Amino acid sequence: QCGSVTYCVPIPDAFTPIIKLKMHGVSIDLLFAKLVKPLEEGQQLEEAAMEDEVLKNMDDRSVRCMNGFRVAEMILRFVPNREVFRRTLRFVKCWAKRRGIYSNVLGFFGGITWALLVARVCQLYPYYAPSQ
């Protein structure tokens, strides 16, 4: 129990199981995956998640959950300036939500699609500021 969480709903039967929650007024979709084997001594979870070996023998739902993290990490590796990318993506998501065009469920672009588009623009124009 946490007083700052005002909404918490598990959705275990979804294509990618999540827990939807709202903490300090921020909506969060929390993914979870079951690792097949434990981490080795001193191994960091973030490093292990990026290795293809970790996906072997993992159930399909857990693989989909892990791929979300893996794709996000790969995007961050390929943008020239992470801070500019994050600021620009935050703005674009806010812009899309205010116009009602941010939703995979309704047929519009969702988070990963916007992230890929912003990442590509950041690659093409590495010296632009988020406001440009």
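In this text, all values refer to a predicted model and were calculated from it rather than measured experimentally.
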Decide if atom CD of E83 counts as having more than 12 heavy atoms of other residues, nucleotides or ligands within a radius under 6.0 Å. yes

Looking at residues at least two apart in the chain, or sitting in another chain, which of them share a ring-ring contact (aromatic ring centres under 6.0 Å, His included) with F78? none

Here the pair of heavy atoms bringing A119 nearest to I75 is CB-CG2, 3.8 Å

Atom CZ of R61: over 12 foreign heavy atoms under 6.0 Å: yes

Please examine the side chains of K20 and I11, heavy atoms only from C-beta on, and report whether any two atoms are closer than 4.5 Å. yes

Hey, any chance F85 and M74 share a hydrophobic cluster, counting ILVMFWY side chains that come within less than 4.5 Å of each other, even indirectly? no

Closest heavy-atom contact between G110 and N104? N-OD1, 3.0 Å

Interatomic distance, M66 atom CE to E51 atom CD [nearest 0.5 angstrom]: 10.0 Å

What's the spacing between L89 CG and C94 SG if we round to 0.5 Å? 11.5 Å

Output the distance between atom CG (L55) and atom CG (D60), rounded to the nearest 0.5 Å. 11.0 Å

When hydrophobic residues are tied together by side-chain contacts of less than 4.5 Å, even through go-betweens, does Y102 share a cluster with V92? yes

Could you list the residues that satisfy ring-ring contact (aromatic ring centres under 6.0 Å, His included) with F109, not counting sequence neighbours? W114

Any donor-acceptor pair under 3.5 Å from Q132 side chain to A129 backbone: yes

CA sep, side-chain torsions, deciding dist, call: I28, M23, side chain to side chain contact (heavy atoms under 4.5 Å, CB included): CA-CA 7 Å; I28 300 170; M23 179 179 262; 4.2 Å; yes

Atom pair SG/NZ of C65 and K34 - distance to nearest 0.5 Å: 12.0 Å

Distance from L45 atom CG to F69 atom CZ, nearest 0.5 Å? 7.0 Å

At what distance, to the nearest 0.5 angstrom, does CZ of R82 lie from CG of L76? 4.5 Å

Could you check whether any side-chain heavy atom of P126 comes within less than 4.5 Å of a side-chain heavy atom of N81, counting everything from C-beta outward? no

Sub-3.5 Å donor-acceptor pair from the side chain of T16 to the main-chain atoms of R64, do we have one? no

Considering only heavy atoms from C-beta outward, does the side chain of V79 approach that of V118 to under 4.5 Å? no

Same cluster (ILVMFWY, side-chain, under 4.5 Å), V9 and L30: no

Could you see if I101 belongs to whatever hydrophobic cluster contains F91? Use Ile, Leu, Val, Met, Phe, Trp, Tyr and a side-chain cutoff under 4.5 Å. yes

Taking all atoms of both residues into account, what is the closest heavy-atom pair of P130 and R87, and its distance? CG-CB, 3.8 Å

If every non-hydrogen atom of I19 is compared with every non-hydrogen atom of C8, which pair is closest and at what distance? CG2-SG, 3.9 Å

Audit row: R70, E73, salt bridge (Lys or Arg N to Asp or Glu O under 4.0 Å) steps and yes/no: CA-CA 5 Å; R70 291 164 55 96; E73 278 299 309; over 6 Å; no

What one should report as the nearest heavy-atom pair of K22 and S27 is CE-OG, 3.3 Å

Check for me, please, whether Y128 and W95 land in the same ILVMFWY cluster - side-chain distances under 4.5 Å, paths through other members count. no

Compare every heavy atom of L39 with every heavy atom of A48, then report the nearest pair and how far apart it is. CB-CD2, 3.5 Å

What pairs with F32 under ring-ring contact (aromatic ring centres under 6.0 Å, His included), at least two apart in sequence or on another chain? none

Is any side-chain heavy atom of V71 closer than 4.5 Å to a side-chain heavy atom of I112? yes

